[in-house]
There are 2 protein chains.
Amino acid sequence: MHTMVDFETQLRAAGLRVTKQRLTVLDTVDRQPHSDTASILDAVRRTLTSISHQAVYDALSDLTDAGLLRKFQPQGSAALYETRTGDNHHHLACRDCGNVVDVDCTLQEMPCLTPLDDQGYLIDEAEVIYWGSCPSCSTRSQPTPDQDNQQGTSRGERHVPRSNR
Amino acid sequence: MHTMVDFETQLRAAGLRVTKQRLTVLDTVDRQPHSDTASILDAVRRTLTSISHQAVYDALSDLTDAGLLRKFQPQGSAALYETRTGDNHHHLACRDCGNVVDVDCTLQEMPCLTPLDDQGYLIDEAEVIYWGSCPSCSTRSQPTPDQDNQQGTSRGERHVPRSNR
DNA sequence: CATGTTTTCTTGACTTATTCCAGATAACTG
DNA sequence: CAGTTATCTGGAATAAGTCAAGAAAACATG
């Protein structure tokens, strides 16, 4: 959790001007991590009613470049953003509902950075997405009528389920 | 390396009709792995001059569903395809030129399938992309005038370099 | 090999996500 | 407070991919 003051400090530290648009975008992404641009835009407009979509795109991209946001893009989804940066965590995505949750790195610190053979590449990041079914989707389809819980993982908010074709 | 006969067999095994469009798409992807739809379309048209773009999209998606192709989509790039499937290998992508090469899995067989905490998800795939600089791009920018080799990894063919902003 | 059924392909319009551009506006500097 | 420069607005443009209807090609059958 961050505060607006935090964000202001972060912006200045990054050499970016402090605008209400950027503050609001940061706050929005912080409150609903793994959001795509469209839902961020919607949410931001609840505060800043007449912000342009371009300003949101610009903010997301500037903030991502500055390292205040992290951007990732699962197959078939639009780009998603989160404020949790620099800790090399990964993502777990549901093929059915598109819901995404964070998972810490399987190994320790910055680990997966080392493939068996780096072929001369200078590697600076390992991006990992685990694909599968989230608890609610898997109970729904599996004929195993066991756990009937509707886990809190899926806020069922936006994510358009991607038909796999 | 595959042969056209292989592909015909694979198509039949998958219960798909054997068409020259599909055979050509398979052959094309096999010859130039990690290609995007646009360059596949171009290449296919060198053989099948008047194939529609839709037929290529359909073929790619049907073949991917059937498991004859694998699809992945690095940040900022269009979807890429390859014929190497089912071996859980990963990718190494250059941030500068966009070139992509294969890397075998860091751990052994289907390993990375297990994050520390699966949060109730049923995981079926771990998609890993290593990001960095390919040999040619890193020598060009680094002030380390050491290795002057222009490694064979980058065929410098299509991949539009993604401006990071 | 002739025919029927079903899948696949062609054509062409459409949607969605994102970017480009030019002028207006708001942040920081002094 | 004024000047400079970054940022934002508004609107058009582009790229990747999808939808839909009819034509054509595959496969099964007689």
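Any value given below was found using the heavy atoms of this structure, including those in side chains, with hydrogens, waters and symmetry copies removed. Protein chains get the first letters and strands the later ones, always in sequence-line order, with residue 1 at the start of each.
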Exercise for the section: Mind calculating the distance between CD1 (A/I51) and C1' (D/dT7) to the nearest angstrom? Expected result: 11 Å
Handout entry: A/R46 with A/D42: basic N within carboxylate O range, under 4.0 Å
Key = no
Exercise for the section: Rounded off to whole Å, could you give me the CG-to-C1' distance for the A/D58 and C/dA27 pair? Expected result: 16 Å
Handout entry: B/R17 vs B/Q21, nearer the 5' end of DNA chain C by closest nucleotide
Key = B/R17
Practice task
Answer yes when A/D58 and A/R22 have at least one side-chain N-carboxylate O distance shorter than 4.0 Å, and no when they do not.
Solution key: no
Handout entry: Listed nucleotide nearest any side-chain atom of B/S52, set C/dT11, D/dC27, C/dC20
Key = C/dT11
Problem - B/T37 vs D/dG17: side-chain N/O to OP1/OP2 distance below 4.0 Å - result: yes
Fill in the blank from the handout: Between B/A78 and A/G15, the residue closer to the 5' end of DNA chain D by nearest nucleotide is A/G15
Fill in the blank from the handout: Sorted by position of nearest nucleotide on DNA chain D, 5' first, the leading residue of B/Q73 and A/R22 is A/R22
Fill in the blank from the handout: A/K20 atom NZ is separated from D/dC8 atom C1', nearest whole Å, by 10 Å
Problem - Within the 6.0 Å centroid threshold, strictly below: B/F72 and B/H91 - result: yes
Practice task
In whole angstrom, give the distance that lies between atom CG of A/L11 and atom P of D/dT7.
Solution key: 10 Å
Practice task
Give a yes/no answer on whether the side chain of B/R12 brings an N or O atom under 4.0 Å of OP1 or OP2 in D/dC27.
Solution key: yes
Practice task
Report the residue (B/A59 or A/A38) whose heavy-atom-nearest nucleotide on DNA chain C is the more 5′ of the two.
Solution key: B/A59
Problem - Whole angstrom value for the distance that separates P of D/dT7 from OH of A/Y57 - result: 19 Å
Exercise for the section: May I ask you to say whether A/R70 pairs ionically with A/D30, meaning some side-chain N is under 4.0 Å from a carboxylate O? Expected result: no
Exercise for the section: Using whole Å, report how far CG of A/D62 lies from P of C/dA27. Expected result: 15 Å
Practice task
Specify the separation, in whole Å, of atom NE2 of A/H53 and atom P of C/dC20.
Solution key: 12 Å
Exercise for the section: Tell me whether the OP1 or OP2 atom of C/dT7 has a side-chain N or O from B/T19 closer than 4.0 Å. Expected result: no
Exercise for the section: Find the distance A/L16:CG to D/dT5:C1' and express it as a whole number of Å. Expected result: 14 Å
Handout entry: Salt bridge flag under 4.0 Å for residues A/E125 and B/R95
Key = yes
